[in-house]
Amino acid sequence: MNDTRHVTIVMIEDDDGHARLIERNIRRAGIMNDIRHFPDGGSALEYLHSDAEGPTMNGPALVLLDLNLPDMSGTDILAEIKSNDRLRRTPVVVLTTTDDKVEVQRCYDLGCNVYITKPVNYESFADAIRQLGLFLSVIQVPEAEEGA
Amino acid sequence: MLKLSQRTANVLILSCVVAGFLLLMAIGLTGVKVMQRNLSFTDLVAHTYKVQDAVSEYRILNERLETARRGYLLSASPSFIAVFEKTAAALPPALQRVDDLTVDSPAQQARVARARALMTQQLAIARTSVRQRRATAANFIDDTVVRDTRIIREITLEMSREESGKLAVRDRERVNSIAQLIEITTAGGVLTVMIAIGSLWVIWRYTRDLTLSRDALGRLNEGLEDEVRLRTAELIRANEEIQRFAYIVSHDLRSPLVNVMGFTSELETAAKPLAALVARVEAEAPHLVTPDAKLAVTSDLPESLGFIRASTQKMDRLINAILRLSREGRRVLTPERIDLADLLAGVAASLRHRADELGATIEIEPGMPAVVSDKLALEQIFSNLVENALKYLKPDRPGQILIRSHRRGERVLVEVADNGRGVDPRDHARIFDLFRRSGVQDQPGEGIGLAHVRALAYRLGGVVTVESALDAGATFRVSLPATLSTEAVAA
């Protein structure tokens, strides 16, 4: 049995407001896991690849990814995660304002696990995040592989 | 060539050719006339010969009578009597023949009359002299017959001479007339050749001009097509840019809006325990509650939050409208054969319930054409127009909406006409702009419908116009290509 409490939630979101609202609603759903917030792609990839507590080195993680980032496209981050042997099993939830059909398809083609469009209406937004929290509480996340 | 206008030059050339042909015709007619005159001259000459012939015959008979008489008087041989009698009988008819042939000449007629008088006298005396032959011997010295015969001989010679003179004159005239005919025929031939050359020149010139203008037109057309292709490509690029711009802007506007709406909700949530606290403090320790604090919690805060919420909701609707338009602009059109009657019946059926509630009728005129276009776009266009017609009816008269259509060459014109409140002519251009509306604002809406209709019509290669006056109903006209071109689809 996998204890999801150890799973770190890696939130890659450039908008501090969105990040705060997401965090609050996840907490309200009763999810108390660590949440690491990165406002840009560079620092997030740095953490994912080489941080001592990052998923490559240690412990399972789940990535919440926004596609509109200031320094790089979210899809590039997704592609990088899914092409990396040590990261590819990490679940990625794309949580973004873009609802373009082509973009959604592209993300799933790249290996994204869940694609959620941020509702503008706050009640729906809060609801969606809480349900995501509920989902996180039951999801099985693979353990980090032992060093090869 | 003179610097005449093409039109004047053409008229001039054409009238020259026509004049030439008329002249040729006149020459032909003159030729025929001259020939006819020539024929009549020949007839006259033949007639003169005949007259001469008759005169000669009479003269011979005249001599023979005298010869026969003399023979008998000298020899008393009865054979001379027979000849005499026969000649005497033949003389009057011979003279009569001359008389008949010369009715046209008074001079000859006078001679004939003189000859006839002498002949009567001559015959009478000759017969008497023959009868008296047995009694007396021949005496020619004072015989009047001899004198008469001589005079008649002279008369007939005169007649012959006159006829010869006439013959010479007529012959000359005939020769002249033939020469004239030759001249006229030659002139006609020369003129024919000239007209033929002129006609050929005109035809050649026309053909050359035609070829030149056709080539020029072809070049112009090619240039025009290139120009159109270029412009179309530019338009497509510009349109794509606008679509992309609208998409990015609406997306990026959404992001802060999520925050505004989110934190407004958070504020509302946070305000509730504060309000409860103020209420509790007021109940337990009223001196601690200032009027400002109470007003802020009970009135100012909820009111402000309410305005923020209403405005952000409106902003959300507007952004969504732009997003929808830009998405519609990016949708790939799929042209298919559509029976407009079916499509419009479907549109009317989907709005039947609303129409019934309002007591309005939707009528579709029979004889709708078929088009090849995008079905969804057409449905949206006509749904919007009929919906608008229902929305802006005049409450004091039963609504009547009429949809009719005509085919105009390569285009199809569909009209949605109502008897509603109408649109002020000053607003006719405005109502097709995004977020712009007209008239009394008593109906819900953001001013998106007609902007959407126009954008869709443009994409289908069409245009939409309105004809209306206040209180006089409105007619929206959608003009579409009967067949949506593949170039437009590619855009």
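Hydrogens, waters and symmetry mates are skipped; everything else that's a heavy atom, side chains included, is used.
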Novice: Is there a donor-acceptor contact under 3.5 Å linking the side chains of A:D127 and A:Y122?
Specialist: no
Novice: My understanding is that only residues two or more places apart in sequence, or in another chain, count here; which of them pass side chain to side chain donor-acceptor pair (under 3.5 Å) with A:D40?
Specialist: A:S43
Novice: Side chains of A:D34 and A:T8: any donor to acceptor distance under 3.5 Å?
Specialist: no
Novice: With a 4.5 angstrom heavy-atom cut-off, is it the side chain or the backbone of A:D15 that approaches chain B, or both, or neither?
Specialist: side chain
Novice: Closer than 4.0 angstrom, basic N to acidic O: yes or no for B:R430 and B:D427?
Specialist: yes
Novice: Taking only Lys NZ, Arg NE, NH1 and NH2, and the carboxylate oxygens of Asp or Glu, determine whether B:R331 and B:D374 approach each other closer than 4.0 Å.
Specialist: yes
Novice: Tabulate, in ascending numerical order, the residues of residues 257-274 of chain B having at least one heavy atom closer than 4.5 Å to a heavy atom of chain A, or enter 'none'.
Specialist: B:L257, B:V258, B:N259, B:M261, B:G262, B:F263, B:S265, B:E266
Novice: Say whether, by atom type as modelled, one donor and one acceptor occur between the side chain of B:D339 and the main chain of B:A370 under 3.5 angstrom.
Specialist: no
